[in-house]
**Q** 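Pasting in a structure now, in structure tokens, and then I'll have a few things to ask.
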Protein chains: 2
Amino acid sequence: MISSIAELIADRIGTMPAGERRAAQTLIASYPMIGLKTVAEFSTAAGVSSPTILRFVARLGFQNYPEFQSSLQDELAAQLQSPAIRTLNPPSPGGGTVSPMLEATLDNMRETFRHLSDKQLTDIAARLADRRGKTFLIGGRFTDPLARYMAAHLAVIQPDVFHLAGQESMWRDRLIDMGKRDVLVIFDIRRYQDSLVRFAEKAHQRGVQIVLFTDQWLSPIARFARHVIAGRTAVPSAWDSSAALFVVVETLIGAVTRQLEADGARRIREMEGLR
Amino acid sequence: MISSIAELIADRIGTMPAGERRAAQTLIASYPMIGLKTVAEFSTAAGVSSPTILRFVARLGFQNYPEFQSSLQDELAAQLQSPAIRTLNPPSPGGGTVSPMLEATLDNMRETFRHLSDKQLTDIAARLADRRGKTFLIGGRFTDPLARYMAAHLAVIQPDVFHLAGQESMWRDRLIDMGKRDVLVIFDIRRYQDSLVRFAEKAHQRGVQIVLFTDQWLSPIARFARHVIAGRTAVPSAWDSSAALFVVVETLIGAVTRQLEADGARRIREMEGLR
DNA sequence: GGAGCGCTGTATCGTATGTTACGTATTTTG
DNA sequence: CAAAATACGTAACATACGATACAGCGCTCC
């Protein structure tokens, strides 16, 4: 079974004429980067002419050069999605139901945070800690618990935190309370819910700043969002995993808490007194 | 020091207008593959126009689009040569908010699963998949979302799944419906809630099998529980972390789903039909 | 409420890129 | 050794890609 272009080349390099063989060798030598550049660059790097490069990719079975490049890109993408850690850490023995799931989840978290800068998080935290406006949270079918979780914590350290739950008509009417200074935190992963998209759009029209938690494919709500957090969700299971997003939520809760330290502490003490 | 384009984006995304920010977000979401494609593909993926993409790369400091692509390619090449060193998000200096939190969370998960045998999980999954009895789920102040999350998933693949919410008096009365064949899943971490303990005790007296999700210090409910899952919760934050428990929940959901494969699949198809 | 500014998309343009045709060189075969 | 076939490069071509000018729109600030 031939799965990569590199293998394909190794398979056919024997039957190639001299010029094309040089092309093949230079591609293998710095695989696959040269193949992503232009035909002209490729040809000079290999010391042959452009048509030779084109004949080379044609011999590999591609209709044209762009198709060849797309194939290389797909390969790269697949390679990048399964982080090196997985190949370095042997697929832990036993192979029960636990390990693959856990490993994938850990990878997801690392990947998610790799694409998430410290600055972005502190920006969002600052926005959430800004007490001039209200904070609304809402989630989809399976992600609403995340919204609840976040709301439960934020509500402890600051006022005006509202989790939008129940019937759609219920929270749709809350739009009337939302304005420019307010923040709407939305959780929406595949399959994206129309009702949420509509809600986000209307909120956006009212000037509400939207913080979106979604998957790597980005919910259409990203159109309206001020901040987008894209978490990895793929795991060897029938379901998508929200664990990475969950960890981001906890991180954010921690960051907001730190920013509200002074006020928050007093508030918490008061609360304790009320219990 | 800014070494990667991803960092560059994170640094400037705050100062970008809406359209360019969408470009930035889509690039980050599937970094860096989109950036290697054509402007047209990039723009449609981001839902903006081509000029916006070009303005975006210009704002990042590149003279033109090809220069931007070359830069991405160089980054990729460097990354591929030393897979072990992932330079995207450097171990944030100055002890940022991200790293310690994430590291602690990952450690928690590894520790949690180290003390959790495959057998224990499959046992619990089997119990939950047993359709002769009903399944009730309930959680504490901050862990109730976990119960909801689990309930939302289980309810899709089997009938008789109930999340106990609302006023204490509401779910206390549901005790009347619980019997020997039923399972009660309880989430309770510090500070343990008296109301939950009392509820668990009464359920236990009625012969209900209790599955307890708690922290490493074990809620008093462990006395009555048939299965106890102890997750690590310590993180460098003002709050405890439920992330490890969350991952266990997802793992369990996956395991139950697998056990109910045959029935579950038909059930899901039926549900799809109803939508 | 009006004027100004900044952002965004449409339409157009120039050009770099991939592609092809053709002539020359090189190798192969009878 | 001659003749044919194959391989390769040069040069012209067409397409599609990135770049730019311009107009419409919304927003902010007087």
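Being a predicted model, the structure only gives us computed values, none of them experimental. So you know, we letter chains A, B, ... as the sequences are listed, proteins then strands, and number each from 1. Basis for what follows: all heavy atoms, side chains included, without hydrogens, waters or symmetry-related copies.
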**Q** Classify the ring geometry between A/Tyr65 and A/Phe42 as parallel (under 30°), tilted (30 to 60°) or perpendicular (over 60°).
**A** tilted

**Q** Quick one: do A/Glu201 and A/Arg198 satisfy salt bridge (charged side-chain N to carboxylate O under 4.0 Å, His left out)? Show the steps, please.
**A** CA-CA 5 Å; A/Glu201 183 171 11; A/Arg198 285 194 305 269; over 6 Å; no

**Q** Tell me the interatomic distance from A/Gln69, atom CD, to D/dA16, atom P, rounded to whole angstroms.
**A**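 So the CD-P distance, A/Gln69 to D/dA16, works out to 15 Å.
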
**Q** Is it the case that the base of C/dG6 and the side chain of B/Arg55 share a donor-acceptor contact (distance under 3.5 Å, atom types as modelled)?
**A**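 Between C/dG6 and B/Arg55, which were checked side chain against base, a qualifying N/O pair under 3.5 Å is absent.
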
**Q** Would you kindly give the CZ-to-P distance between A/Phe56 and D/dA7, to the nearest whole Å?
**A**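 That distance rounds to 15 Å.
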
**Q** How many Å lie between CZ on A/Arg223 and C1' on C/dT8, as a whole number?
**A**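 Rounded to the whole Å, the gap is 12 Å.
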
**Q** Going by atom types only, do A/His204 and A/Arg223 share a side-chain donor-acceptor pair under 3.5 Å?
**A**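 Side chains of A/His204 and A/Arg223: no pair found under 3.5 Å.
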
**Q** Distance check needed: C/dC7 P versus B/Ile53 CD1, whole Å only.
**A**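 That distance rounds to 16 Å.
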
**Q** Given D/dT10, C/dT19, C/dG9, which nucleotide is nearest the side-chain atoms of A/Pro66?
**A**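 In terms of side-chain proximity for A/Pro66, the closest of D/dT10, C/dT19, C/dG9 is C/dT19.
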
**Q** Calculate the interatomic distance between A/Arg206 atom CZ and D/dC27 atom C1'; express it in whole Å.
**A**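 My rounded result for the distance is 17 Å.
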
**Q** Nearest whole Å is fine: how far is D/dC17 P from A/Asn64 CG?
**A** 11 Å

**Q** In whole Å, what is the span from the CG atom of A/Leu36 to the P atom of C/dT17?
**A** 15 Å

**Q** For DNA chain C, whose closest nucleotide is more 5', that of B/Gly19 or that of A/Pro51?
**A** B/Gly19

**Q** What is the distance from CZ of B/Phe62 to C1' of D/dA19, rounded to the nearest Å?
**A** 17 Å

**Q** Counting only side-chain N and O atoms of B/Thr52, is one of them less than 4.0 Å from OP1 or OP2 of C/dG9?
**A**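 Affirmative; the distance criterion is met.
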
**Q** Should the pair A/Arg174 and A/Phe136 be classed as cation-pi, given the thresholds of under 6.0 Å to the six-membered ring centre and 45° from the axis?
**A**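 No, cation not above the ring by the 6.0 Å, 45° rule.
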
**Q** For A/Glu41 and for B/Pro17, locate the closest nucleotide of DNA chain C by heavy-atom distance; then report the residue assigned to the nucleotide nearer the 5' terminus.
**A**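 Looking at the nearest nucleotide for each, B/Pro17 comes out on the 5' side.
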
